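One structure is given here, and the rest of the page talks about it.
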Amino acid sequence: METEDHKALREAVFALGKRHGRATDPTQLWSDAAKLGYIGVNLPEAYGGGGGGITELSLVLEELGAAGSPLLMMIVSPAICGTVIARFGTDAQKQQWLPALADGTRLMAFGITEPDAGSNSHRITTTARRDQDSGDWLLTGRKVFVSGVDIADATLIVGRTEDARTGRLKPCLFIVPRDTPGFTRRPIDMELNAAEKQFELVLDDVRLPADALVGDEDAGLLQLFAGLNPERIMTAAFAIGMGRHALAKAIEYARDRTVWNTPIGAHQAIAHPLAQAHIDLELARLMMQKAAALYDAGDDMGAGEAANMAKYAAGEACVKAVDQAVHTLGGNGLTREYGLARLITAARVARIAPVSREMILNYVSHQTLGLPKSY
């Protein structure tokens, strides 16, 4: 059962999204949402945030999506980067970044995926080595499918450093400001029509000060997963919001569209698939809420399982809802007027990113069911 505060937050955020609409300027919406405290609702009050958690942040993203005006960078800037810095950053990093992330005046992108390392993040080849004379870090490598680098003030880059004791490479996170020498970007030509663009990044001996390293050099894996669980929860929220938006369009059309003096929604061939889509979205939302509650309670292990399940369920439900909405409208579902056709491609993102449905099934079969690995 949601609290009255959460219900009120839902209503307020949805109203904001509806005022902006699907033709909105994302920059203006981001600014307006930030002024109302929505963008930094999960960040600590001591640094200008709302003092809430991923529960509240996912609620905000879901309602903006349901209103037809989702903000993809919410998954990245406050959820991943803000969470990692709040939990593991130095005092100086928190002071520098958290207030600005909370009030929306600065954004951060997140770079983990590489041409040859997607879900198999242990194969990341972006490496960081120490300059023994200055103590600086030198980063070299490539990243792909990094969202919003052009509008972000910095990118949180996942690299690997050599463990002095074992010689093995271990993950570490670095804050790389946008204009750092040797840090270049190239837009990836996407069929997906979204306000947030995708980029390939090249790091060519990018020199960073020692304090660009986030948190403890030996806690990289813990820090990394502290950001990936919120990413999955927020992707679920993104998908659920999109599915709800598509479904609402279809329901309205099915009520109003009349054939032979009967609204098409009176026919079970139309009504039942829409009802099934609604059920699937509601079930996905319950798992998302469970994952968020576990994460906010500090149960990283439990949250990891639930976040993967939520992302899987939401991705599947979103694709089905969008497909059924388009089908309900027939030819109108492919017109610009109704705005559903653009969601056909966008809905697939929730199945693919940030982790594929097949890798989630692997996770559940290995970690939850205890079955042997196939790889």
Side-chain angles (χ1 to χ4, degrees), residues 2-3 5-7 9-14 16-18 22 26 29-30 33-34 37-43 50 52-83 110 147-148 194-196 227-248 277-278 280-296 303-322 343 346-355 357 360:
E2 279 196 333
T3 66
D5 286 345
H6 283 171
K7 291 177 182 177
L9 179 60
R10 278 192 186 278
E11 292 176 4
V13 173
F14 185 80
L16 173 66
K18 291 296 283 186
R22 63 185 172 94
L29 176 55
W30 186 275
Y38 301 152
I39 298 298
V41 70
N42 66 309
L43 299 177
I54 295 300
T55 296
E56 288 75 21
L57 192 66
S58 61
L59 186 156
V60 170
L61 181 56
E62 180 193 340
E63 291 304 321
L64 287 176
S69 51
L71 291 171
L72 177 66
M73 290 303 289
M74 284 188 65
I75 300 174
V76 182
S77 193
I80 302 176
C81 302
T83 295
F110 180 65
S147 304
E196 299 84 3
L228 295 185
N229 284 337
E231 181 184 36
R232 284 154 173 71
I233 296 168
M234 290 293 287
T235 301
F238 185 82
I240 293 166
M242 188 189 310
R244 284 177 53 199
H245 176 69
L247 193 59
H278 173 72
D280 289 344
L281 287 168
E282 286 295 303
L283 291 173
R285 181 202 270 178
L286 284 173
M287 182 54 76
M288 178 189 73
Q289 291 171 330
K290 175 182 178 179
L294 288 169
Y295 185 83
D296 290 339
E305 178 186 66
N308 275 290
M309 291 182 179
K311 188 269 177 190
Y312 179 96
E316 298 301 299
C318 177
V319 168
K320 291 177 183 176
V322 168
L343 302 182
R348 304 296 302 189
V349 175
R351 268 186 165 181
I352 298 168
V355 59
R357 59 197 296 272
I360 292 177

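What you see below is based on every heavy atom in this structure, not just the backbone, and it leaves out hydrogens, waters and symmetry mates. Keep in mind that this is a model prediction, so the values were computed, not measured.
- Of all the heavy atoms in Ala307 and Asn229, the pair that sits closest is CB-O, 3.9 Å.
- Looking at residues two or more places apart in sequence or on another chain, you find no side-chain hydrogen bond (donor to acceptor under 3.5 Å, both in side chains) involving Glu196.
- Between Trp30 and Ser77 there is a side-chain heavy-atom pair separated by less than 4.5 Å.
- Looking only at distances, a side-chain donor or acceptor of Glu56 sits under 3.5 Å from a matching main-chain atom of Gly53.
- For residues 57-74, the pairs satisfying salt bridge (Lys or Arg N to Asp or Glu O under 4.0 Å) are Arg10-Glu62, Arg10-Glu63, Glu62-Arg244, Glu62-Arg285, Glu63-Arg244, with sequence neighbours left out.
- Here CG of Leu281 is found 7.5 Å from SG of Cys318. Values are rounded to the nearest 0.5 Å.
- Taken from CD in Gln289 to OG in Ser58, the straight-line distance is 7.5 Å, to the nearest 0.5 Å.
- Contact annotation: the side chain of Met288 approaches that of Ile233 to within less than 4.5 Å [non-hydrogen atoms, C-beta and beyond].
- Taking every heavy atom of both residues into account, Ala314 and Ile240 meet most closely at CB-CG1, 3.8 Å.
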| Worked check of side-chain contact (heavy atoms from CB on, under 4.5 Å) between Val349 and Phe238 | CA-CA 10 Å; Val349 175; Phe238 185 82; 5.6 Å; no
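- Side-chain contact check for Leu71 versus Ile39: some heavy-atom pair is nearer than 4.5 Å.
- The heavy-atom pair separating Met73 from Gly148 by the smallest distance is SD-CA, 4.0 Å.
- With hydrogens and angles disregarded, no donor-acceptor distance shorter than 3.5 Å links the side chain of Lys311 to the backbone of Ala237.
- Atom CG of Asn308 and atom CE of Met287 lie 11.0 Å apart (nearest 0.5 Å).
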| After noting the C-alpha distance and the side-chain angles of Met74 and Leu57, does the key distance pass the side-chain contact (heavy atoms from CB on, under 4.5 Å) rule? | CA-CA 8 Å; Met74 284 188 65; Leu57 192 66; 3.4 Å; yes
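- Listed here is the closest heavy atom pair of Ala195 and Pro26: CB-CG, 3.5 Å.
- At least one side-chain heavy atom of Leu16 sits under 4.5 Å from a side-chain heavy atom of Tyr38.
- Taking all atoms of both residues into account, the shortest heavy-atom contact from Ala347 to Val322 is CB-CG2, 4.0 Å.
- The shortest non-hydrogen separation linking Ala79 to Met234 is CB-CG, 3.6 Å.
- Side-chain atoms of Pro354 and Leu228, non-hydrogen and from C-beta on, never get closer than 4.5 Å to each other.
- Summarising the geometry, atom CG belonging to Leu294 is positioned 13.0 Å from atom CD1 belonging to Ile54; distances are rounded to the nearest 0.5 Å.
- Under the 3.5 Å distance criterion, the side-chain polar atoms of Thr83 are left unmatched by any main-chain donor or acceptor of Gly227.
- Between atom NE2 of residue His278 and atom CG of residue Leu283 there is a gap of 9.5 Å, rounded to the nearest 0.5 Å.
- When atom types are taken as modelled, the side chain of Asp296 and the backbone of Thr55 share a donor-acceptor pair closer than 3.5 angstrom.
- Sequence neighbours left out, not one pair with a member in residues 230-241 passes salt bridge (Lys or Arg N to Asp or Glu O under 4.0 Å).
- Surrounding NE2 of His6 are more than 12 heavy atoms belonging to other residues, nucleotides or ligands, all under 6.0 Å away.
- Side chain of Lys290 to main chain of Ala306: no donor-acceptor pair is present (N/O by atom type, distance under 3.5 Å, no hydrogens or angles).
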